[in-house]
There are 2 protein chains.
Amino acid sequence: MQTTNNLSPSITRADTVFIDLRQRIVEGDIKTGSKLSEPELSKYYEISRSTLRDALSRLEGCGLLERKANIGYRVVTLSTQKLLEIFRVRESLEGMACRLAAQNMSASQIADLKHLLEVHNQHESLQQGEAYIQEEGDLDFHFRIVMGSGNILLTRLLCEELYYLVRMYRYQFGMASPRAKRAFSEHHHIIQAIEDKDGELAEILMRRHISASRKNVEKRMNTL
Amino acid sequence: MQTTNNLSPSITRADTVFIDLRQRIVEGDIKTGSKLSEPELSKYYEISRSTLRDALSRLEGCGLLERKANIGYRVVTLSTQKLLEIFRVRESLEGMACRLAAQNMSASQIADLKHLLEVHNQHESLQQGEAYIQEEGDLDFHFRIVMGSGNILLTRLLCEELYYLVRMYRYQFGMASPRAKRAFSEHHHIIQAIEDKDGELAEILMRRHISASRKNVEKRMNTL
DNA sequence: AATGGCTTTATTGTCGACAATTAAAACTAA
DNA sequence: TTAGTTTTAATTGTCGACAATAAAGCCATT
């Protein structure tokens, strides 16, 4: 029997351009607030404007681009205000994700996550102050907990929309978090609550964890 | 000086089709899970496939359509499982919105909201059991609180993505909530907390309010 | 009759060109 | 020179057509 191959990638030109543009925007290669010229980009990627616009519309869906009728697409502008808004949304969504993860994560998933934490701890002690790896590790931790929630909608909102914005801020605002060790400890407490199947505590701890990062940004903002 | 008219609507063909399709999908005129034929729809609206696809891509961004490469767009399918996921997300996001609304809503905004509640109460006592008005009123209440949060990202996620899905479920699952009076009372308590600037309580009450709806669906699901 | 492969048809992906709108440049008048 | 207006150029919105892929129909074989 020929099973209807539901997992056929069928990668399309617009897909590859979408992924490449997304990376260039997140990493700041295409500057914040800059206008995207359709003729220019279609020439760059050697594709037609139609397929480019397909890719651009998806990037708008991710919240990385903004569009005005008859004017065109612009890369979103970053601001401390918007960053604080993201923290608020993450606090609520990831708090819920953590509560659900405590209910739904399997023993092996939890074991994997604990192992991941150990690996990150090794890295941290080896290359102390290496902010990049640290931050990527942090996001990896959060990513896995969201996946562990088993809530597809929640996962889509966080992993396919917000996290690209989060990475964009980290790249371009360069937040070398001074709370590395504390963050690691908080991660440890969170996973303990998940292991104990204490969803209520897990949510509280995750919310505090993210809220602390937000307050950290607010504090720095006030000193500037 | 000619101020650059930033508020020029510049309504485009794709915009009107987008809005019309959105309504037809939400109200079930275009059936859940059905495949959208681009040639057919472009003929129906008397537009080219290009501008139709523009509208469709935006509907995908709203979570009303799903797309597979080389296969096309389908209206999302509804399920109790997905509805429960929406409730979880709403519980977290609207809880946060309510907390922020308690901090940020102006006195006049709060007064307007209280007035709205009274109007809804009148309607409810006049046309008892008229589920439609009741449900629309409920969503209007939630809508205003989200707006009152002052968090643009939060507002975008809820009002431009989730609420259309919520209305779609209400139209097509026809949830004549048996908790009308209780819901009204809960709304009253929530706005009281907001008026008292008690963000923590406001969040708890809103979460309970939404959680109760979710449990209501879960209960009904078990009896079927 | 049912299954597997092939052919045909239809749909989506991609392309280039024209029309409508906006932004820039050039021009005129004070 | 500067403000306002007109003209020009560039960009986006829209269109129809072709190519690539998937679905449907057909035939042969078991």
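Within every chain, numbering begins at 1; the chains are lettered A, B, ... in the order of the sequence lines, protein sequences first and strands thereafter.
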Legend entry - Salt-bridge present (B:Glu203, A:Arg207; N to O < 4.0 Å): yes
Inset, instruction - Please assess A:Ile19 against A:Thr16 for the test side chain to side chain contact (heavy atoms under 4.5 Å, CB included), listing each intermediate value before the final yes or no. - result: CA-CA 5 Å; A:Ile19 293 173; A:Thr16 62; 5.9 Å; no
Inset, instruction - Report yes if a side-chain nitrogen or oxygen of B:Ser10 is closer than 4.0 Å to either non-bridging phosphate oxygen (OP1 or OP2) of C:dT22; otherwise report no. - result: yes
Legend entry - Length of the CG-C1' vector between B:Asp15 and D:dT12, whole Å: 13 Å
Legend entry - Interface with DNA chain D, restricted to residues 36-55 of chain A and to heavy atoms under 4.0 Å: A:Leu36, A:Glu38, A:Pro39, A:Arg49, A:Arg53
Inset, instruction - Counting heavy atoms from C-beta on, name the nucleotide in D:dT14, C:dT21, C:dG13 closest to the side chain of B:Arg13. - result: D:dT14
Inset, instruction - If a pair satisfies salt bridge (Lys or Arg N to Asp or Glu O under 4.0 Å) and one of its residues is in residues 69-89 of chain A, list it, with sequence neighbours excluded. - result: none
Inset, instruction - Tell me whether the OP1 or OP2 atom of C:dT12 has a side-chain N or O from B:Lys35 closer than 4.0 Å. - result: yes
Inset, instruction - Output yes when A:Arg214 and A:Glu218 qualify as a salt bridge under the 4.0 Å nitrogen-oxygen rule, no when they do not. - result: yes
Inset, instruction - Mind calculating the distance between CD1 (A:Ile11) and C1' (C:dG13) to the nearest angstrom? - result: 13 Å
Inset, instruction - Could you pull out the closest heavy-atom pair between B:Ser149 and B:Asn104, with the gap in Å? - result: O-ND2, 2.9 Å
Legend entry - Whole-Å distance separating the CG atom of B:Asn70 from the P atom of C:dG13: 6 Å
Inset, instruction - Report yes or no: is the cationic atom of B:Arg90 (NZ for Lys, CZ for Arg) under 6.0 Å from the centre of the six-membered ring of B:Tyr169, at an angle within 45° of the ring normal? - result: no
